[in-house]
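Values below: every heavy atom of this structure, side chains too, minus hydrogens, waters and symmetry copies. Here is the naming used below: chain letters follow the sequence lines, and residue numbers restart at 1 for every chain.
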Number of protein chains: 4
Amino acid sequence: MEPQTDLPVRQASKLETRNSLLQVALELFVEKGFEATRTSEIAQKAGVAVGTIYLHFGDKDGLLSAILVNLADSIYIRVKEVYEKHPSAPPENLARMHIEQIIQYAEENQKIAPFVLDYALSRHPVGAKIIDFMVCQIEENIRQGQASGIYRTDILPPLAARAEAHMNLVLLTHW
Amino acid sequence: MEPQTDLPVRQASKLETRNSLLQVALELFVEKGFEATRTSEIAQKAGVAVGTIYLHFGDKDGLLSAILVNLADSIYIRVKEVYEKHPSAPPENLARMHIEQIIQYAEENQKIAPFVLDYALSRHPVGAKIIDFMVCQIEENIRQGQASGIYRTDILPPLAARAEAHMNLVLLTHW
Amino acid sequence: MEPQTDLPVRQASKLETRNSLLQVALELFVEKGFEATRTSEIAQKAGVAVGTIYLHFGDKDGLLSAILVNLADSIYIRVKEVYEKHPSAPPENLARMHIEQIIQYAEENQKIAPFVLDYALSRHPVGAKIIDFMVCQIEENIRQGQASGIYRTDILPPLAARAEAHMNLVLLTHW
Amino acid sequence: MEPQTDLPVRQASKLETRNSLLQVALELFVEKGFEATRTSEIAQKAGVAVGTIYLHFGDKDGLLSAILVNLADSIYIRVKEVYEKHPSAPPENLARMHIEQIIQYAEENQKIAPFVLDYALSRHPVGAKIIDFMVCQIEENIRQGQASGIYRTDILPPLAARAEAHMNLVLLTHW
DNA sequence: CATGAATGAGAGTTCATTCAT
DNA sequence: CATGAATGAACTCTCATTCAT
């Protein structure tokens with residue numbers, strides 16, 4: 001009934017465990033591939049019990065999904081910054097900087113990029129969810145951009161967002 | 001009792017079965033990945049029993065290996081033709097044509113290339129075997145080239161062969 | 001390509017394995033309940049490997065389902081014989097003999113009856129399938145009975161079948 | 001430091017929690033069976049943490065046991081009232097009223113009765129404990145009855161008690 | 001007293017592999 | 001040569017139970 005003040009402590013500890021699992025799992029997935037990585041191996045390397053993975057992510061696919069969402073997010077944040085830092089730059093410059101951010105990300109994460117792409121494009125049902133996630137974020141950004149005058153208002157956010165998401169992925173693939 | 005003329009027929013049929021398995025397996029490996037493809041699925045699609053796969057390739061890795069050897073071979077044949085068709089071309093031209101062949105192969109087989117690389121470059125113990133196979137072929141070719149005067153005789157075939165094999169793979173990766 | 005004459009032998013052996021599993025599983029389910037019975041236990045008692053259960057029945061529920069279908073079938077066969085042996089008996093006599101068969105079955109299988117009912121009525125998704133199976137069989141029988149003049153033609157087979165199936169179960173429950 | 005008047009409040013709250021757990025658990029056990037009911041589900045429906053169940057009942061079997069004891073008790077109380085209200089009724093009348101009470105209970109709790117029987121009669125080690133509990137209570141009652149002249153003194157309480165307990169259960173089974 | 005994140009033994013299930021036919 | 005029922009080690013996932021807070 002009366003939650004003691006240990007709640008923030010517990011939540012922090014839970015988040016730590018979660019992040020530890022995400023990091024360890026990403027390393028292993030990149031190193032040996034998703035299917036060849038055993039959940040028991042992830043747990044051991046993260047210093048927790050197998051059950052903890054299922055407590056946090058539901059199943060192995062859920063863990064993959066969480067990792068991809070995280071990565072998609074970190075790519076997205078970089079691209080978004082470009083548009084926020086240069087609200088009045090001409091479109092052609094924005095496009096160039098957008099591409100540069102993605103290429104820079106790919107170069108900084110040479111090991112991770114192919115893994116993300118492998119799953120983001122086909123292969124696994126989780127892929128579609130990730131693209132949808134990217135699209136949603138970009139769409140929201142476009143709407144805000146339109147509201148604040150950065151984007152033209154005669155473009156349809158859903159279409160533009162899907163186009164940009166795919167462009168980002170294709171860029172990563174062929175960088 | 002047993003008609004001798006049956007043997008060639010049998011052997012032809014055996015080769016047919018083998019090729020059918022190689023083709024079906026490649027399709028499935030490219031589509032869903034090696035680990036996610038079931039041997040039973042391959043057998044079913046090829047219209048044979050599971051046991052037949054083991055008869056021809058020993059185990060699942062043997063099947064993967066045979067596929068990769070086949071692919072490496074087909075890439076190698078193309079490159080070899082360049083050197084054979086232009087026995088006296090200047091080295092810089094040969095190098096350019098070499099690269100062009102590889103890129104052309106990658107473009108003709110966009111689906112297959114990433115799969116080959118995934119396994120040739122790491123991930124799976126079969127990869128090392130494949131590179132060794134490529135190296136052996138190239139080395140042999142270099143020796144013959146030296147014998148017939150196409151190659152300079154002051155280069156060490158083993159080293160040169162390994163260099164070329166890796167160059168081919170790197171080219172495919174970044175085409 | 002040329003299936004040897006060992007096919008009937010194999011099929012017979014497969015059927016034997018299947019029946020052995022059905023029998024052993026029924027015993028264990030009756031003794032300790034479905035959920036408390038381990039698949040490994042069934043396999044061991046039947047003298048096969050765990051995998052064999054999954055080869056034959058897909059999963060544990062599939063095994064339960066197959067058992068219930070078998071039992072429903074054996075009850076149904078008895079009841080059907082009543083109607084076939086006395087094609088021209090007055091309806092009230094048929095109804096009495098119908099009930100007697102069910103009660104006799106319940107008495108002969110005192111251990112099994114409660115188990116069947118537990119699952120045929122609610123609790124488990126497999127239950128609905130079993131009732132549907134009973135209904136289908138009875139419905140077919142009614143149609144044939146109508147065609148050959150045993151049943152009146154002004155009753156709707158689907159409704160009558162569902163009514164009879166539930167009557168049979170209720171009889172078993174309260175015998 | 002710690003107000004004494006807090007204790008009764010705490011204890012009342014504790015009893016509330018306990019009863020809430022007993023009620024919620026009975027509902028779920030009846031609905032889905034003991035083994036298919038998760039402790040986490042019980043806790044959630046009762047609005048407490050999982051740990052609380054273990055605080056009150058030791059383990060899941062302890063919870064089942066407490067429920068069965070409760071139910072056995074409520075059946076027993078009814079039967080006892082018969083003998084208390086009619087201290088000098090002839091034995092044949094007492095027996096009839098005894099049976100009527102049990103049947104009435106079964107009718108009032110149609111959902112619960114099969115569940116109680118399932119566990120009281122076999123299946124689970126807890127069953128034996130419950131029967132022992134019933135026997136003890138009945139035995140004690142018989143002794144008191146003998147002391148106050150209601151029962152004849154030439155019957156052996158332990159045997160009579162066990163006979164009555166089983167009669168009650170058999171009645172419930174075939175009501 | 002109560003909590004709920006963490007645990008890990010153990011259950012169901014998969015699937016590469018075998019071998020009698 | 002080919003078959004496919006059978007295998008069982010190994011995997012994913014579950015959930016009753018614990019204990020630091």
Side-chain angles (χ1 to χ4, degrees), chain A residues 1-7 9-11 13-18 35 37-41 43 47-62, chain B residues 6-7 10-11 13-14 17 35 37-44 48-56 58-61 63, chain C residues 1-11 13-18 35-41 43 47-56 58-61 63, chain D residues 6-7 10-11 13-14 17 35-44 48-56 58-61 63:
Chain A
M1 282 294 183
E2 291 178 32
Q4 279 102 316
T5 41
D6 64 326
L7 271 192
V9 176
R10 273 211 191 164
Q11 280 177 4
S13 158
K14 192 178 181 181
L15 202 64
E16 238 175 77
T17 302
R18 185 190 152 93
E35 330 226 18
T37 302
R38 309 296 154 212
T39 50
S40 55
E41 204 178 352
V48 298
V50 232
T52 307
I53 294 174
Y54 294 86
L55 179 70
H56 283 267
F57 306 102
D59 58 13
K60 206 185 165 190
D61 277 11
Chain B
D6 184 38
L7 280 183
R10 271 207 187 170
Q11 281 174 3
S13 155
K14 184 180 176 184
T17 301
E35 329 228 20
T37 302
R38 312 293 158 219
T39 51
S40 57
E41 203 180 353
I42 298 168
Q44 198 193 355
V48 298
V50 241
T52 307
I53 293 174
Y54 292 83
L55 203 65
H56 282 267
D59 59 12
K60 203 188 172 190
D61 276 8
L63 175 54
Chain C
M1 281 297 183
E2 292 180 31
Q4 278 103 315
T5 42
D6 65 325
L7 272 192
V9 177
R10 271 209 192 165
Q11 279 177 4
S13 158
K14 191 177 179 180
L15 203 63
E16 238 175 76
T17 304
R18 187 190 151 91
E35 330 226 20
T37 303
R38 308 296 156 213
T39 50
S40 55
E41 204 177 351
V48 298
V50 234
T52 307
I53 294 174
Y54 294 85
L55 179 71
H56 283 267
D59 58 13
K60 205 185 167 192
D61 277 10
L63 175 55
Chain D
D6 184 38
L7 280 182
R10 272 208 188 169
Q11 280 174 4
S13 154
K14 184 180 176 183
T17 301
E35 328 227 19
T37 302
R38 312 295 157 218
T39 50
S40 57
E41 204 179 352
I42 298 168
Q44 198 192 355
V48 299
V50 240
T52 307
I53 293 175
Y54 292 84
L55 204 64
H56 282 267
D59 59 12
K60 203 186 169 189
D61 277 7
L63 176 55

I'd like to compare against my own output: the B/S/- annotation of nucleotides 6-13 of chain F with a strict under-4.0 Å heavy-atom distance to protein. BBB--SSB
Determine the Euclidean distance between corresponding C1' atoms of E/dC1 and F/dT21; express it in Å to zero decimal places. 13 Å
Would you mind reading off the distance between A/R18 atom CZ and E/dA5 atom P, rounded to a whole angstrom? 13 Å
Between C/R38 and C/E35 the two heavy atoms that sit nearest each other are NH1-O, 3.1 Å
B/I42 versus B/L63: any side-chain heavy-atom pair under 4.5 Å? yes
Using atom CD of A/E16 as one end and atom C1' of E/dA5 as the other, report the distance to the nearest whole Å. 13 Å
Between B/Q44 (CD) and E/dC15 (C1'), how many Å, whole number? 15 Å
Hey, what do you get for CD (D/Q44) to CD (D/E41), rounding to the nearest 0.5 Å? 7.5 Å
Using residues 47-59 of chain A as the side-chain source, report each donor-acceptor pair under 3.5 Å to any protein atom, sequence neighbours left out, with the distance given to one decimal.
unit_1 : atom_1 : unit_2 : atom_2 : d
A/T52  : OG1    : A/A49  : O      : 3.3
A/D59  : OD1    : A/D61  : N      : 3.4
A/D59  : OD1    : A/G62  : N      : 2.8

In what stems does DNA chain F take part, counting only runs of at least 3 consecutive Watson-Crick or G-U pairs whose two distances fall under 3.5 Å? E:2-21 with F:2-21
When the distance from CD1 of D/I53 to P of F/dA16 is rounded to whole Å, what number comes out? 9 Å
What's the shortest heavy-atom distance between A/K60 and A/T39, and which atoms? CG-CG2, 3.7 Å
